[in-house]
Protein chains: 2
Amino acid sequence: MAADAIEPLGITTAEEEAYRHIQRALRMGRYRAGDRLIPEEIATEIGMSRMPVREAFRQLAAEGLVVIRPNRGCIVAGLTLDEIYETFEIRSVLEGLAVRLAMPHIDVEVFEELERQLDRMERASQTGSSDWVVRHQAFHLQICQLSNRPKLVRQIASLHVVIEPYLRIWFDYVDKPASARAEHEILIEVLRSGDAGKAEIVMRDHIVETAPLLASFASPGRR
Amino acid sequence: MAADAIEPLGITTAEEEAYRHIQRALRMGRYRAGDRLIPEEIATEIGMSRMPVREAFRQLAAEGLVVIRPNRGCIVAGLTLDEIYETFEIRSVLEGLAVRLAMPHIDVEVFEELERQLDRMERASQTGSSDWVVRHQAFHLQICQLSNRPKLVRQIASLHVVIEPYLRIWFDYVDKPASARAEHEILIEVLRSGDAGKAEIVMRDHIVETAPLLASFASPGRR
DNA sequence: AACTGGATAAGTGGATACACAGATACGCTT
DNA sequence: AAGCGTATCTGTGTATCCACTTATCCAGTT
């Protein structure tokens with residue numbers, strides 16, 4: 001099929017495309033919290049009608065990236081300070097669980113891969129905020145995925161997306177990957193120890209401790 | 001306005017109505033896993049067009065209650081045994097977190113209310129499975145809400161909905177509210193102790209321990 | 001001058017009709 | 001009987017229209 005040549009892997013429905021398009025924009029912080037997302041506008045931007053865009057809105061709303069108010073359209077969700085904390089709290093227990101469950105599936109190759117990830121993270125930190133945030137997420141998800149719990153990983157990934165714009169801002173202001181490297185080395189260290197319970201605690205602490213640092217900076221607009 | 005008299009609180013858009021309608025049916029176990037949900041059918045059932053139904057599907061899919069496969073429509077999501085376990089694992093850490101954060105907000109009135117809830121649960125257990133499951137969820141959510149973390153409570157509630165049909169089947173087969181009462185009394189007891197860390201552990205154990213009991217019964221169809 | 005009220009404009013939510021593509025099922029050919 | 005092609009069905013996307021809510025603005029009133 002000719003279509004196959006153009007889109008090699010995966011069927012790209014219009015709704016999927018709209019979803020990806022808007023999500024990318026939100027992750028990159030292109031919109032600010034409270035901005036209205038006009039279906040008409042986005043539809044013409046991607047070259048489709050309003051319906052798939054509306055359906056993409058629903059999906060994004062379910063993930064907490066936007067808020068749909070009846071008859072008043074779709075606005076970009078902004079996290080209050082409390083909500084940022086809350087998100088990190090939730091992340092901490094979910095990723096803590098993930099790392100505990102991952103422990104039995106960890107072998108030597110994993111550590112090599114994680115070290116490589118850390119190197120990539122450090123290199124990316126010199127390139128710019130975007131790359132570092134992406135690599136940082138990849139590092140965390142890499143560990144979580146070893147738990148072999150698809151739904152759990154999915155929820156964690158979803159939370160990462162929600163806080164991504166805030167992480168970017170944070171990075172741009174403080175440029176703090178130096179200590180980040182050390183912190184993540186500690187994570188790998190506890191994985192090496194083989195103590196699942198301890199790993200869970202370390203992961204939880206690691207996550208909640210970064211929350212106040214991040215929250216101390218102005219969030220990209222409030223509700 | 002006359003409309004106010006008919007619908008006293010909250011604007012009920014058609015999409016909202018479709019969502020509630022389908023969700024209720026799914027919670028009650030009216031459909032079995034793998035059943036196809038035909039937009040046309042449901043639309044005429046509630047008296048609206050297919051469009052709001054389609055959007056309701058999206059929302060339900062985001063919550064994991066249904067699965068939308070491209071060009072192949074919407075089917076009721078079934079949980080495999082592994083997925084039931086996984087859901088309980090996630091619930092355990094989230095509700096554990098909730099109860100830990102709830103601890104500072106607990107006072108005397110709370111215990112009175114929780115005891116009343118337990119009584120209602122026990123009375124409901126004689127009425128039938130439906131009532132007991134609802135009361136049981138209410139009891140858990142009551143505690144979680146004290147954490148004052150809206151997003152966290154929302155996620156927990158969403159997980160409750162997903163496992164609700166399985167809880168109903170479980171109840172119908174074993175009728176075990178007797179030991180359930182004792183277990184939940186223990187929960188209240190640890191809340192009284194004021195030890196947040198201990199409460200978290202007790203809640204986590206309470207939840208994961210019920211999973212294997214529930215999973216030992218046939219789930220309502222598989223994927 | 002500030003506040004309230006209504007008129008008007010804009011945008012969302014929903015209905016309907018239609019075109020297209022993928023999936024399933026059936027029947028045909030070999 | 002197995003493989004293949006076709007037919008039909010259904011889901012997805014587009015276009016258009018309408019109703020209703022919300023938002024804006026201007027004028028009138030106090």
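Letters A, B, ... are given to chains in the order of the sequence lines, protein chains preceding strands, and every chain is numbered from 1. Values below: every heavy atom of this structure, side chains too, minus hydrogens, waters and symmetry copies.
- In the model, A/His160 has no side-chain atom that pairs as donor or acceptor with a side-chain atom of A/His136 under 3.5 Å.
- In this structure, the CZ atom of B/Arg54 is 15 Å from the P atom of C/dG13, given to the nearest Å.
- A salt bridge links B/Arg27 with B/Glu164: the closest approach of a Lys/Arg side-chain nitrogen to an acidic carboxylate oxygen falls below 4.0 angstrom.
- The nearest whole Å value for the distance from the CD atom in A/Glu41 to the C1' atom in C/dA10 is 14 Å.
- Regarding A/Glu55, its CD atom lies at a distance of 7 Å from the P atom of D/dG13, rounded to whole Å.
- More than 12 heavy atoms of other residues, nucleotides or ligands lie within 6.0 Å of CZ in A/Arg116, so this atom counts as buried by the packing criterion.
- No salt bridge links A/Glu63 with A/Arg154; every basic N to acidic carboxylate O contact stays at or beyond 4.0 Å.
- Per the geometry, CD1 belonging to A/Ile75 stands 16 Å off P belonging to C/dG11, to the nearest Å.
- Here D/dG13 is the nucleotide among D/dT14, C/dG14, D/dG13 with the atom lying nearest to any side-chain atom of A/Ala14.
- With a 6.0 Å cutoff to the six-membered ring centre and a 45° limit on the axis angle, B/Arg54 does not count as a cation-pi contact of B/Phe57.
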Going 5' to 3' through nucleotides 5-11 of chain D and flagging B where a protein heavy-atom sits under 4.0 Å of the base, S where only the sugar-phosphate is that close, and - otherwise, we get -----SS
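- Here CG of B/Leu159 is found 9.5 Å from CD1 of B/Ile207. Values are rounded to the nearest 0.5 Å.
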